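Just so we're clear, the structure is a prediction, and the values are computed from it rather than from any experiment.
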Amino acid sequence: MGKDDKEDSGFGFKDRAKAEETLRLLEQHEPNYRRLTVRGLLGRAKRVLTMTKAEDKIKNIKEAMEVFENWLADLDKNKEKKPEKKEKERVQKSEDKESEKDKDDEGSDSSDVEMVEKPKEKKELPADTVTGLGFKDKDAADNTLKELEGRDPDYQKLAIKGLIGRAKRVLTCTRDETKLSNIKEAISIFDKFLDDFDTMHLSKQNNPYVSLPIVRTCVALASESVTDQQKAFIDAYTSVRGEYKRLRTVHETEGGKTWDIVRNAALKELKEKHEDAKLFNEKDEPTAEHLEMLLWAYSPEAARVKKVIPETEAAKDVNDRKRRSSGHDSDDTPSKKKKE
């Protein structure tokens with residue numbers, strides 16, 4: 001099976017058992033990552049099938065694909081059910097409230113006017129996925145790569161793998177020769193992108209995020225040396241409650257670039273500028289050069305930063321509330337940060 005069935009992560013599709021193990025390993029990751037990874041594995045499995053002659057291997061891979069396809073089908077089915085369930089709960093709650101209101105009215109004067117305070121609406125956070133990505137033809141593929149340009153390298157790779165998987169599924173149920181040709185051309189563009197990505201080791205250029213509570217502490221340490229642009233970035237990071245993936249859809253200015261792109265451009269300059277700079281002083285405090293990067297929520301020594309830089313309490317409270325509200329679907333676990 002060679003390269004296509006080897007993953008440092010332990011994911012694979014050589015047989016049913018490997019597919020089931022892959023799904024178990026993916027349980028620790030956030031939903032969107034799980035879905036894109038499974039789609040990517042399906043796409044790779046289909047490519048391998050076209051190059052494999054051994055009947056037993058073909059049978060095993062098809063069984064693995066069946067496991068993944070069933071998982072995706074269940075995922076889509078659950079998505080359809082959730083809104084229906086939420087609507088039923090909403091209607092039930094409304095009926096319960098009306099029932100309680102009727103009981104209260106029975107023991108009150110009919111001339112009394114009930115003053116009802118409307119509950120505060122919870123502010124909805126921005127989306128965490130980039131829109132406008134597609135694979136219908138060469139132009140769509142080129143526009144996709146342009147839309148992903150400057151974003152986190154690991155996200156670019158993940159998005160392209162997911163698109164390839166989806167495109168190959170569409171190929172299996174399309175008969176129109178023109179559409180088939182256009183989609184295959186888009187896939188070839190994506191394949192070349194992935195080859196170049198690995199050749200140039202672009203994953204090494206990824207800039208993992210330091211948590212919002214630590215960034216808040218660094219603002220206090222930097223004092224007046226925080227630039228206006230850094231302040232604006234931290235405001236944006238705060239507005240998404242430290243969920244860095246959502247910065248992909250938050251713009252620096254109206255019609256301008258999103259903050260993930262702005263951040264990566266700023267860090268590229270700083271990493272080159274401070275390539276040989278000392279990061280900590282004798283007291284284990286971040287140096288001025290290190291603080292410049294930390295104010296962009298990045299550190300070349302993130303693990304050490306977590307140990308020596310305390311979290312600002314106000315920010316920690318925000319983070320705690322976020323963890324409690326999101327429960328099992330938090331994006332801030334260490335394993336997920338590595339993947340992202």
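Separating the CG atom in D198 from the CZ atom in F193 is a distance of 9.5 Å, to the nearest 0.5 Å. Once rounded to the nearest 0.5 Å, the distance linking CG of D154 with CZ of F197 reads 5.5 Å. S181 OG to D137 CG: the interatomic distance, rounded to the nearest 0.5 Å, is 10.0 Å. Between the CD1 atom in I160 and the CZ atom in F190 there is a gap of 4.5 Å [rounded to 0.5 Å]. Distance check, rounded to the nearest 0.5 Å: NZ of K192 to OG1 of T199 gives 9.0 Å. With rounding to the nearest 0.5 angstrom, the CD1 atom of I164 is 11.0 Å from the CD1 atom of I189.
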Next item on the list: Might you work through the side chain to side chain contact (heavy atoms under 4.5 Å, CB included) test for V67 and N70, ending with a clear yes or no?
Entry: CA-CA 5 Å; V67 171; N70 289 340; 6.0 Å; no
Margin query: Run F135 and I187 through side chain to side chain contact (heavy atoms under 4.5 Å, CB included) and show every step you take.
Written below: CA-CA 7 Å; F135 53 81; I187 290 174; 5.9 Å; no
Check: Can you check side chain to side chain contact (heavy atoms under 4.5 Å, CB included) on H251 and K257, steps first, answer last?
Finding: CA-CA 6 Å; H251 294 263; K257 295 179 179 178; over 6 Å; no
Note to self: Show, in sequence, the C-alpha distance, side-chain angles and deciding distance for T172 and K46, and conclude whether the side chain to side chain contact (heavy atoms under 4.5 Å, CB included) test is met.
What the structure shows: CA-CA 10 Å; T172 63; K46 288 175 183 176; 4.1 Å; yes
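Side-chain contact between R304 and K307: absent, with no pair of heavy atoms (C-beta onward) separated by less than 4.5 Å. Between L294 and V305 there is a side-chain heavy-atom pair separated by less than 4.5 Å. Counting heavy atoms from C-beta on, the side chains of P213 and T312 never come closer than 4.5 Å. Inter-residue side-chain proximity for L72 and R169 is flagged as met; some heavy-atom pair is nearer than 4.5 Å. Residues W296 and W259 have side chains in contact (heavy-atom distance under 4.5 Å, counting atoms from C-beta outward). Side-chain contact between I309 and E285 is absent, with no heavy atoms from C-beta onward closer than 4.5 Å. At a threshold of 4.5 Å between non-hydrogen side-chain atoms, the residues V240 and V250 count as touching. Side chains of S299 and M293 form no contact here, defined as non-hydrogen atoms less than 4.5 Å apart.
With hydrogens and angles ignored, the 3.5 Å screen pairs a side-chain donor or acceptor of Q230 with a backbone N or O of T227. Formation of a donor-acceptor pair under 3.5 Å by the Q205 side chain with backbone atoms of P153 is not found in this model. A donor-acceptor contact shorter than 3.5 Å is absent between the side chain of R166 and the backbone of L36. No donor-acceptor pair closer than 3.5 Å links the side chain of T249 to the backbone N or O of P126.
Using modelled atom types and a 3.5 Å distance limit, the side chains of N207 and N264 yield a donor-acceptor pair. Using modelled atom types, one finds a donor on one side chain and an acceptor on the other under 3.5 Å when comparing Q229 with E252. For the residue pair E185 / S188, no side-chain donor-acceptor distance below 3.5 Å is found, with atom types taken as modelled. Side-chain atoms of T129 and N32 include no donor-acceptor pair closer than 3.5 Å. For the residue pair T174 / D176, no side-chain donor-acceptor distance below 3.5 Å is found, with atom types taken as modelled.
Between T22 and F11 the shortest heavy-atom distance is OG1-CA, 3.5 Å. A pairwise comparison of heavy atoms in P286 and L291 identifies CG-CD2, 3.9 Å as the closest pair. When all heavy atoms of L180 and R175 are compared, the pair lying nearest together is CD1-O, 4.1 Å. Closest approach of M65 and L49 over heavy atoms only: SD-CD1, 3.5 Å. Contact between S223 and V226 at its shortest, heavy atoms only, is O-CG2, 3.4 Å. Between P208 and R263 the shortest heavy-atom distance is O-NH2, 3.3 Å.
Of the charged side-chain nitrogens involved, at least one lies within less than 4.0 Å of a carboxylate oxygen, so that E21 and K18 count as a salt-bridged pair. Ion pair E243/R246 flagged as a salt bridge, since at least one NZ, NE, NH1 or NH2 atom sits closer than 4.0 Å to an Asp/Glu carboxylate oxygen. A salt bridge links K138 with D142: the closest approach of a Lys/Arg side-chain nitrogen to an acidic carboxylate oxygen falls below 4.0 angstrom. A salt bridge is defined here as a Lys NZ or Arg NE, NH1 or NH2 lying under 4.0 Å from an Asp or Glu carboxylate O, and D235 with K231 fails to meet this definition. Salt-bridge check for K245 with E30: passed, with a basic side-chain N closer than 4.0 Å to an acidic carboxylate O. In this structure, K59 does not pair ionically with D15, as no charged nitrogen and carboxylate oxygen lie closer than 4.0 Å. Ion pair K62/E66 not flagged as a salt bridge, since none of the NZ, NE, NH1 or NH2 atoms sits closer than 4.0 Å to an Asp/Glu carboxylate oxygen.
Grouping the Ile, Leu, Val, Met, Phe, Trp and Tyr side chains by contacts below 4.5 angstrom, directly or via other members, places L163 with L202. Grouping the Ile, Leu, Val, Met, Phe, Trp and Tyr side chains by contacts below 4.5 angstrom, directly or via other members, places L125 apart from L247. Taken together through direct or relayed side-chain contacts under 4.5 Å among Ile, Leu, Val, Met, Phe, Trp and Tyr, Y244 and I261 form parts of separate hydrophobic clusters.
For the pair R216 and Y237, the cation-pi criterion (under 6.0 Å, within 45° of the ring axis) is not fulfilled.
Ring pair F280/H290 is perpendicular by interplanar angle, where above 60° counts as perpendicular and below 30° as parallel.
Residues passing the side chain to side chain donor-acceptor pair (under 3.5 Å) test with E292, sequence neighbours excluded: H274.
More than 12 non-hydrogen atoms from other residues, nucleotides or ligands lie less than 6.0 angstrom from NZ of K271.
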